[in-house]
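All values below were derived from every heavy atom in this structure, side-chain atoms included, with hydrogens, water molecules and symmetry-related copies excluded. One-based numbering, in listed order, for ligands and for the atoms of each. The structure presented is a predicted model; accordingly, all values stated were derived computationally and were not measured.
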Amino acid sequence: MKKVLVTGGCGYIGAHTIVDLIENNFEPVCVDNNSRSTTALLQGIKDITGKTIKNYKVDLCNFDDTYAVFQENSNIEGIIHFAAFKAVGESVEKPLLYFENNLSSLINILKCAKEFHVPHFIFSSSCTVYGSPDKIPVTEQTPEKPAESPYGATKQMGEEIVKETTSATDMQSILLRYFNPVGAYPSALIGELPVGKPENLVPAITQTAIGKIKQLIVHGDDYPTRDGSCIRDYVHVCDIAHAHILALQYLIDKKNNSPCEIFNLGTGNGVSVLEVIHSFEKVSNVKLNYTIGPRRPGDIMAIYANNSLAKEKLNWAPKYSLDEMMLTAWKWELKLKDDEALHGNPNFQMN
Ligand code: WQD
């Protein structure tokens with residue numbers, strides 16, 4: 001089996017991607033210092049696939065420790081690099097923490113990839129690199145605007161670092177620009193485990209519905225959109241995960257036309273905050289307690305993807321509907337509540 005190093009593999013998208021890698025006969029190796037995650041999702045991966053995934057609890061900002069992982073794992077076919085801090089608000093408060101963590105870890109992993117001749121590299125990027133676009137839907141050629149946050153800046157810089165490294169080595173890479181990943185594995189055995197109070201809309205909705213949060217604040221309904229609330233492109237985490245396997249296979253099969261290619265991972269459907277809430281209420285049969293508050297600084301009014309390149313070149317076809325995204329997110333929140341009853345702590349550490 002082809003070995004794939006998954007950094008940040010204990011995280012939300014990382015764990016879903018590890019499941020998909022296993023189901024496609026790859027051998028994932030997880031590297032995650034658990035600074036923003038626990039090993040709880042590795043238990044879920046085992047429950048789903050029957051496989052016990054080893055996690056190297058390594059801080060990728062430590063070059064020697066990162067290097068040791070490569071020494072212990074020869075013939076790595078590819079690296080999927082998820083590991084990064086991703087809270088927009090926190091990045092504004094602590095920019096140096098974000099630049100140091102997100103960029104040093106990337107540089108170290110790329111140095112090792114070069115030294116150990118790893119042929120394929122997939123970089124976890126984000127639609128945040130577009131800033132506030134003049135024209136939507138955005139294509140991969142849409143000019144980038146100045147980043148709206150240090151987090152966004154680390155993704156823009158990260159893309160440049162990967163592009164330049166790729167052209168200077170024989171490595172082939174792909175940048176995947178996620179829009180808004182939401183939802184959970186259909187069996188509710190893995191899902192999103194936000195650290196602290198969730199910033200993102202969908203975990204905030206499900207935690208409000210389950211009673212962890214008293215009331216959801218909708219950040220503004222006075223935007224010039226069809227219902228006044230912001231528009232985003234929500235995409236199921238399993239669809240996002242599968243795109244990584246398609247991207248890796250695309251490189252392995254040498255189907256890429258250039259050493260570093262970029263793909264938008266969105267459904268192509270723009271959906272408003274209020275439409276997300278209404279979808280959730282419909283599938284959960286829960287009347288959500290929310291109120292309209294002021295706009296959130298840094299929010300852009302609307303963005304959604306032109307995803308035709310990923311469809312055409314990677315043969316990617318996102319299949320989950322908005323209702324299915326909301327239903328799987330809700331089932332996962334209900335599972336966490338059961339786990340809390342069982343283990344006393346929703347993020348219980350795997351022994
Ligand atoms: C979506 C909409 C909020 C919470 C960010 C990053 C992006 C990616 C996903 C990492 C906005 C509104 C939210 C709430 C609300 N991060 N909202 N009440 O900001 O589009 O994207 O997270 O990969 O890179 O930029 O996602 O879910 O925070 O917000 O009204 O309690 O929901 O104002 O309009 P966002 P989000």
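Here the heavy atom of the protein found nearest to atom 29 (O) of ligand 1 is R296 NH2, 3.2 Å. Closest protein heavy atom to atom 22 (O) of ligand 1: N200 ND2, 3.0 Å. Among protein heavy atoms, the minimum distance from atom 20 (O) of ligand 1 is reached at R232 NE, 2.6 Å. For atom 35 (P) of ligand 1, the closest non-hydrogen atom on the protein side is N180 ND2, 3.6 Å.
At a heavy-atom cutoff of 4.0 Å, ligand 1 is contacted by the side chain of V88 but not by its backbone. Contacts between L201 and ligand 1 below 4.0 angstrom, taking non-hydrogen atoms only, involve backbone and side chain alike. Of the heavy atoms in E199, only backbone atoms (N, CA, C, O) come closer than 4.0 Å to ligand 1.
Note that K86 lies outside the cation-pi zone of Y98, set by a 6.0 Å cut-off to the ring centre and a 45° limit from the axis. Both the sub-6.0 Å distance and the 45° axial angle are satisfied by R36 relative to the ring of F85. The cationic atom of R177 (NZ for Lys, CZ for Arg) does not lie both less than 6.0 Å from the six-membered ring centre of F123 and within 45° of the ring axis. Cation-pi check for K54 over Y56 is met; the charged atom lies under 6.0 angstrom from the ring centroid and within 45 degrees of its normal. Both the sub-6.0 Å distance and the 45° axial angle are satisfied by R295 relative to the ring of Y223.
For atom 8 (C) of ligand 1, no protein non-hydrogen atom is found at a distance below 4.0 Å.
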Given the rule in the side-chain hydrogen bond (donor to acceptor under 3.5 Å, both in side chains) test, do S37 and D32 qualify, once you have shown the distances and angles that lead to the verdict? CA-CA 8 Å; S37 63; D32 196 316; 3.1 Å; yes

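With Y320 as reference, H236 is the one residue of H16, H236, H242 to meet the ring-ring contact (aromatic ring centres under 6.0 Å, His included) rule.
In this structure, CG in D59 is found 7.0 Å from CG in N101, a value given to the nearest 0.5 Å.
Looking at L216, I217, I300 and measuring to atom 18 (N) of ligand 1, the nearest heavy atom belongs to I217. For atom 24 (O) of ligand 1, the candidate residues are S124, S126, S125, P203; the nearest heavy-atom contact is made by S126. In this comparison of F179, F82, Y151, the heavy atom closest to atom 23 (O) of ligand 1 sits on Y151. With atom 14 (C) of ligand 1 as the reference point, the heavy atom nearest to it among Q215, E148, H219 is part of H219.
Set against the non-hydrogen atoms of D299, the atoms of ligand 1 under 4.0 Å away are 3 (C), 11 (C), 33 (O), 34 (O). Which parts of ligand 1 touch V273 is read off a 4.0 Å heavy-atom cut-off, strictly below it: atoms 2 (C), 12 (C), 30 (O), 32 (O), 34 (O). Listed by number with element, the atoms of ligand 1 under 4.0 angstrom from any heavy atom of V218 are 30 (O). Against a heavy-atom cut-off of under 4.0 Å, C230 is close to the following atoms of ligand 1: 34 (O). Remark: ligand 1 atoms within the under-4.0 Å shell around heavy atoms of A204 are 31 (O).
Contact analysis puts Y234 in contact with ligand 1, with a non-hydrogen atom separation below 4.0 angstrom.
Side-chain atoms of E199 come within 3.5 Å of backbone atoms of G89 as a donor-acceptor pair (strictly under, hydrogens ignored). Proximity of a side-chain donor or acceptor of Q215 to a complementary backbone N or O of N289 within less than 3.5 Å is not detected.
The aromatic ring centres of F116 and Y67 sit less than 6.0 Å apart.
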